Asker: 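Structure below; questions to follow.
Throughout, residue positions are numbered sequentially from 1 according to the sequence presented. On a predicted model such as this, the values are computed, not experimentally measured, just so you know.
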Amino acid sequence: MATDDSLKRRSFLKAAGGATAAATLAGCTGGGGDGEATTTDETDETDTTSGGEETDETTTEEDAGSSGGTLTYARGSDSATLDFQNTTSGEVAKVTNQIYDSLIEFEPGETSLKAGLATEWNVDGKTISMTLREGVMFHNGEEFTAEDFVATYRRFVDEDYEYYPGGSYASSYGPYSLGSWIDSVESDGEYSVTITLNQQYAPILPNLAMFCSKVHSLEAIKEYGKELKSNPVGTGPFQFDNWDKGNERIRLTKNDDYWGEQKAQVGELVFTTVGKNSTRAQTLVSGGADIVDGLGAQSSKIIEGSNKAELVSIPGINVGYMAFNMARVEAFRNKKVRQAVSYAIDTESMVNTIFKGIASQASQPIPESVMGYNPDLDPYPYDPDKAQKMLKEAGYDGMSFELSIMKNPRPYLPSPRQAAQLIKSNLGEVGVSVELNTMPWKSYLTYTENYKHDACFLGWMTDNGDPDNFYYALLHPGISTDAVPEGQDWADPSKHDDFSTLNAAAWANTEFMKLTEEAQTSYETGKRKPKYQKAGEIFHEEQPWVALDHTKTMRGVSSRVSGFEIAPIGGPFLNQVSLSE
């Protein structure tokens with residue numbers, strides 16, 4: 001999924017729309033470019049952003065819920081909205097995932113799917129028939145029916161719908177997740193829906209489980225309009241109570257009428273903001289929070305040293321990388337130069353000495369857990385002699401370029417400044433001069449989406465666990481293969497209105513493009529997997545990026561918490577959590 005508002009700025013919409021224009025319909029993207037429907041704006045140990053208070057948030061008896069106590073979840077920044085159709089932010093999703101349900105859900109802690117508000121579904125070519133759950137009530141007392149999903153879908157993508165909130169309000173996840181692939185959504189009775197696709201599109205079911213595909217109440221849509229961003233009405237295990245924006249605290253209460261078997265175990269759930277990573281970790285240890293996220297190498301050590309909390313982690317479904325901007329830097333259009341830079345960078349040292357064991361080397365855009373991972377591809381070995389020789393052969397020894405980096409750590413790049421310094425040092429050893437250009441996150445995204453960078457750091461956390469969410473999202477330009485000049489493997493974004501700016505390298509390898517488009521249109525894993533493995537081979541040979549790392553997903557959990565499970569996608573599943581005294 002994407003992080004923050006980056007998706008909107010980074011033209012997810014263009015990516016999906018471009019695909020449509022391209023291969024009879026192809027393509028899509030996911031999230032803030034950084035995706036774990038959970039993209040935290042992590043802050044550095046010495047640099048606090050996002051306005052979060054750095055004071056302990058201590059639960060008092062007065063705060064305690066009516067039953068099961070109050071669970072406090074501390075994160076790096078507050079929500080900007082409580083409407084899942086008004087955001088690309090993982091911070092928002094952490095809260096709205098507690099309030100809302102979708103037709104299909106991710107299994108807690110897994111990437112597999114399970115029934116949600118739909119009990120059954122059948123995919124037949126371009127037609128998806130779904131049977132909906134009966135007897136589910138929204139928090140406003142209305143019963144969930146097919147008309148609620150039809151209204152939710154149309155509100156997200158249909159500009160002609162009377163309750164469409166406008167393109168400046170509806171996030172770019174609308175066309176990306178649903179709109180570019182779906183031709184129509186029809187109710188066939190109170191508890192039956194038929195979705196007709198524009199083309200066979202393999203990721204459609206996981207897309208229906210994404211945080212942006214939750215279901216609004218039709219009556220709430222009519223009543224609140226855009227004010228749903230402050231008045232969420234879902235069917236989930238928790239319901240909205242209040243949002244203290246001054247203190248950046250959102251309070252939810254248990255939904256006693258929740259339809260699911262796993263009802264909330266605590267009476268109240270409070271999301272609070274503690275901006276600084278180390279302070280957040282200390283808040284957990286001191287008892288001011290029960291669960292914390294957004295941890296880096298240093299802050300995680302605070303938790304590991306405590307006997308009152310535990311550091312838990314799983315391999316993350318993400319990637320951090322350095323993209324070469326082929327549209328801007330002529331030297332980067334030479335494959336030998338890109339390969340030479342990869343040989344010159346010591347990514348093994350980066351993950352071991354800078355990321356300190358919370359990351360592993362990457363050899364391709366997807367981590368091992370994603371279908372289509374190619375086990376035959378290894379990271380480029382650190383070989384400065386070979387790099388220097390290749391640069392000389394290519395006629396670019398002594399070259400220089402600017403490397404743009406984000407100021408603050410991201411979940412997929414825990415220490416960007418130190419990593420950039422290592423790269424500068426490594427490349428200096430082979431005669432390449434690198435000028436570092438550090439910017440705050442929001443202006444950084446604007447800078448890179450406008451292709452002002454020579455090379456840049458970026459990364460991605462998946463929205464749905466599908467390889468399409470990496471390969472198509474980040475490396476397909478979103479234009480037709482016919483629009484790529486013959487003999488060229490890059491394209492000029494300024495000449496294409498529908499160019500996907502998530503493709504920071506401006507790479508346009510037509511063989512790769514065709515493979516990823518073909519892989520979207522088959523529902524058979526056995527047919528899709530070799531196409532992604534071949535796409536990985538092309539990526540590895542062509543090196544539009546230096547693939548840097550895959551990081552662990554980490555959480556700090558109080559010893560009084562039971563039942564918490566880290567979710568690689570979706571979640572957090574806080575209805576499973578209970579508290580001891």
Asker: Strictly by modelled atom types, are Thr235 and Asp101 linked by a side-chain donor-acceptor pair under 3.5 Å?
Answerer: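 There is such a pair between these side chains.
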Asker: Kindly indicate whether the side chain of Thr152, heavy atoms from C-beta on, has any atom under 4.5 Å from the side chain of Gln85.
Answerer: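 Yes, their side chains come closer than 4.5 Å.
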Asker: Heavy-atom distance under 4.5 Å between the side chains of Leu458 and Tyr444, does that happen here?
Answerer: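 Yes; the side chains approach each other to less than 4.5 Å.
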Asker: Distance-only, no hydrogens or angles: does the Ser217 side chain make a donor-acceptor pair with backbone N or O of Ala220 under 3.5 Å?
Answerer: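 Yes, because the side chain of Ser217 sits within donor-acceptor range (under 3.5 Å) of the backbone of Ala220.
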Asker: Are Tyr321 and Phe457 near enough that their ring centres are under 6.0 Å apart?
Answerer: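 No: the rings miss the under 6.0 Å criterion.
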Asker: When the ring centroid of Tyr173 is compared with that of Phe211, is the distance short of 6.0 Å?
Answerer: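 Yes, ring centres under 6.0 Å apart.
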Asker: Checking Gln98 side chain against Pro572 main chain: does a donor-acceptor pair fall under 3.5 Å?
Answerer: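 Checked: pair present.
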Asker: With side chains defined as the heavy atoms from C-beta onward, is the minimum distance between Ile250 and Leu82 less than 4.5 Å?
Answerer: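 Sidechains of Leu82 and Ile250: in contact.
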Asker: Tell me if a side-chain donor or acceptor on Ser443 pairs with a main-chain N or O of Pro440 at a distance below 3.5 Å.
Answerer: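 Such a contact is found between Ser443 side chain and Pro440 backbone.
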Asker: If the threshold is 4.0 Å, N to carboxylate O, is there a salt bridge linking Lys114 and Glu105?
Answerer: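 No, no charged N to carboxylate O under 4.0 Å.
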Asker: Does Asn325 reach the main-chain N or O of His453 with its side chain, forming a donor-acceptor pair under 3.5 Å?
Answerer: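 Between the backbone of His453 and the side chain of Asn325 there is a qualifying donor-acceptor contact (under 3.5 Å).
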Asker: Step through it carefully: locate the ring centre of His216, locate the ring centre of Phe84, and say whether they are under 6.0 Å apart.
Answerer: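 Yes; Phe84 has its ring centre under 6.0 Å from that of His216.
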Asker: In terms of side-chain geometry, is the basic nitrogen of Lys94 or Glu91 positioned less than 4.0 Å from the acidic oxygen of its partner?
Answerer: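 Yes, Lys94 and Glu91 are salt-bridged.
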Asker: For Thr462 and Asn469, what are the C-alpha separation, side-chain angles and deciding distance, and is it a side chain to side chain donor-acceptor pair (under 3.5 Å)?
Answerer: CA-CA 6 Å; Thr462 188; Asn469 195 239; 3.1 Å; yes
Asker: Does a donor on one side chain sit under 3.5 Å from an acceptor on the other, for Glu368 and His550?
Answerer: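 Their side chains do not contain a donor-acceptor pair, so the 3.5 Å distance test is not met.
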Asker: Less than 6.0 angstrom separating the ring centers of Trp507 and Phe324, yes or no?
Answerer: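 For Trp507 and Phe324, the ring centres are not under 6.0 Å apart.
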Asker: Does the pair Leu132 and Leu103 meet the rule for a side-chain contact (heavy atoms from CB on, under 4.5 Å), with working shown?
Answerer: CA-CA 8 Å; Leu132 306 186; Leu103 298 184; 4.0 Å; yes
Asker: Going by heavy atoms in the side chains, are Pro203 and Asn464 under 4.5 Å from each other?
Answerer: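 Answer yes - side chains close enough.
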Asker: So, does Arg133 use its side chain to make a donor-acceptor pair with the main chain of Gly116 at under 3.5 Å?
Answerer: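 Yes; judged by distance alone, with no hydrogens or angles, the pair exists.
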Asker: Would you call Asn318 and Pro367 a side-chain contact if the rule is heavy atoms closer than 4.5 Å?
Answerer: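 No - every pair of side-chain heavy atoms lies 4.5 Å or more apart.
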Asker: Taking Thr145's backbone N and O only, do any of them form a donor-acceptor pair with Asp148's side chain (distance below 3.5 Å, no angle check)?
Answerer: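 Looks like yes, one N/O pair under 3.5 Å.
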Asker: Using a strict cut-off of less than 4.0 Å between a Lys/Arg side-chain nitrogen and an Asp/Glu carboxylate oxygen, indicate whether Arg155 and Asp83 qualify as a salt bridge.
Answerer: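 A salt bridge links Arg155 with Asp83.
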Asker: If only atom types and distance count, is the side chain of Ser522 paired as donor or acceptor with the main-chain N or O of Glu518 below 3.5 Å?
Answerer: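 No, the answer is negative, given that no donor and acceptor are paired below the 3.5 Å cut-off.
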Asker: Do Asp244 and Arg251 sit within salt-bridge range, that is, some charged N less than 4.0 Å from a carboxylate O?
Answerer: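 Between Arg251 and Asp244 there is no salt bridge, as every charged N stays at least 4.0 Å from the carboxylate O atoms.
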Asker: So, the side chain of Ser180 versus the backbone of Pro175: is there a donor-acceptor pair under 3.5 Å, distance only?
Answerer: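 Side chain of Ser180 to backbone of Pro175, a donor-acceptor pair under 3.5 Å: yes, one is there.
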Asker: Centres of the Tyr73 and Phe271 rings: under 6.0 Å?
Answerer: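 Ring centres of Phe271 and Tyr73 closer than 6.0 Å.
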Asker: Any side-chain donor-acceptor pair under 3.5 Å between Asp78 and Trp243?
Answerer: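 Yes, side-chain donor-acceptor contact under 3.5 Å.
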Asker: State whether a side-chain donor-acceptor pair under 3.5 Å links Glu147 with Ser187.
Answerer: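 Yes - a donor-acceptor pair under 3.5 Å links their side chains.
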Asker: Hey, is the main chain of Thr127 close enough, under 3.5 Å, to the side chain of Asp124 for a donor-acceptor pair?
Answerer: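 No; judged by distance alone, with no hydrogens or angles, the pair does not exist.
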Asker: So, Tyr523 side chain and Gly125 main chain: donor-acceptor pair closer than 3.5 Å or not?
Answerer: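 A pair under 3.5 Å: yes.
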Asker: Distance to the ring centre below 6.0 angstrom and angle to the axis at most 45 degrees; does that hold for Arg410 and Trp441?
Answerer: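 Ring-cation test returns yes.
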